[in-house]
Amino acid sequence: QVKLVESGGGLVQAGGSLRFSCEASGRTFSTDTMGWFRQRPGKEREFVAAVSWLGTTYYADSVKGRFTISTDNVKNTVYLQMNSLKPEDTAVYYCARARYRGGGSGTSYYTEEPYDYWGQGTQVTVSS
């Protein structure tokens, strides 16, 4: 079992910044990929960002240049720094873990498919 606990949500004005943290515990591996997803009001959950165990980062086009994903392997924590926030960033944000499937597996970390554990979600509201 893996437990993911997010923190850092809240209310912020447009143009502001927030940082999320997601601490992983339990049966985690150094080769895990960690991702962030979000669900905006009335929409399906969508990919935001991910970071592989090799440090490769992936971003949705909508957040590229504004959001930064990073990890602290000592603390087993993944962060999402969000700058220049917009009202359309209002959503519940979830962190998730994907197990490494090996090189050449063709895994797409942009979809929910490889992620097997999810946090409880944290709300961000960006006011205009």
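Small disclaimer: the values here were computed from a predicted structure and weren't measured.
Distance alone, capped at 3.5 Å, is enough to place a donor-acceptor pair between the Thr90 side chain and the Pro87 backbone. When atom types are taken as modelled, the side chain of Glu6 and the backbone of Cys95 share a donor-acceptor pair closer than 3.5 angstrom. Remark: side-chain polar atoms of Asn76 are paired, donor with acceptor, to backbone N or O of Ala24 under 3.5 angstrom. The backbone N or O of Asn73 lies less than 3.5 Å from no partner atom in the side chain of Thr71, so there is not a single donor-acceptor pair.
Using cut-offs of 30° and 60° on the angle between ring planes, the pair Phe67 and Tyr93 is tilted. Using the six-membered ring where Trp is involved, Tyr109 and Tyr58 have ring planes that are tilted, between 30° and 60° apart. Ring geometry, Tyr94 versus Trp118: the interplanar angle exceeds 60°, so the pair is classed perpendicular (tilted spans 30 to 60°).
One distance of note links CD of Gln39 with CD of Glu46; it measures 9.0 Å at 0.5 Å rounding. For the atom pair OG (Ser62) and CZ (Arg38), the distance works out to 4.5 Å, reported to the nearest 0.5 Å. In this structure, the separation between CZ on Arg19 and OG1 on Thr68 is 11.5 Å, given to the nearest 0.5 Å.
Hydrophobic clustering of Ile, Leu, Val, Met, Phe, Trp and Tyr side chains at less than 4.5 Å, counting indirect connections, keeps Tyr79 apart from Phe37. With hydrophobic clusters built from ILVMFWY side chains whose heavy atoms lie under 4.5 angstrom apart, Tyr115 does not share a cluster with Val51.
Using a 4.5 Å heavy-atom threshold, the side chains of Met82 and Val12 count as separate. Using a 4.5 Å heavy-atom cutoff, the side chains of Leu4 and Met34 are in contact. Looking at heavy atoms from C-beta onward, Arg99 lies in side-chain contact with Asp32 at the 4.5 angstrom threshold. The shortest side-chain heavy-atom distance between Ile69 and Tyr59 falls under the 4.5 Å cut-off. For the pair Arg97 and Val78, the minimum side-chain heavy-atom distance is 4.5 Å or more. Side-chain contact between Phe29 and Tyr100 is absent, with no heavy-atom pair separated by less than 4.5 Å.
The two residues Ser21 and Thr77 come nearest to each other via the heavy atoms CB-CG2, 4.2 Å. The two residues Ser127 and Leu11 make their nearest non-hydrogen contact at CB-CD1, 4.5 Å.
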| query | Please walk me through it: do Gln1 and Arg27 pass side-chain contact (heavy atoms from CB on, under 4.5 Å)? | reply | CA-CA 6 Å; Gln1 290 288 331; Arg27 195 169 169 78; over 6 Å; no
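Taking the charged nitrogens against the carboxylate oxygens, Lys64 and Asp61 do have a contact shorter than 4.0 Å, which makes a salt bridge. Arg66 has no carboxylate O lying under 4.0 Å from a charged side-chain N of Glu88, or vice versa, which leaves the two without a salt bridge.
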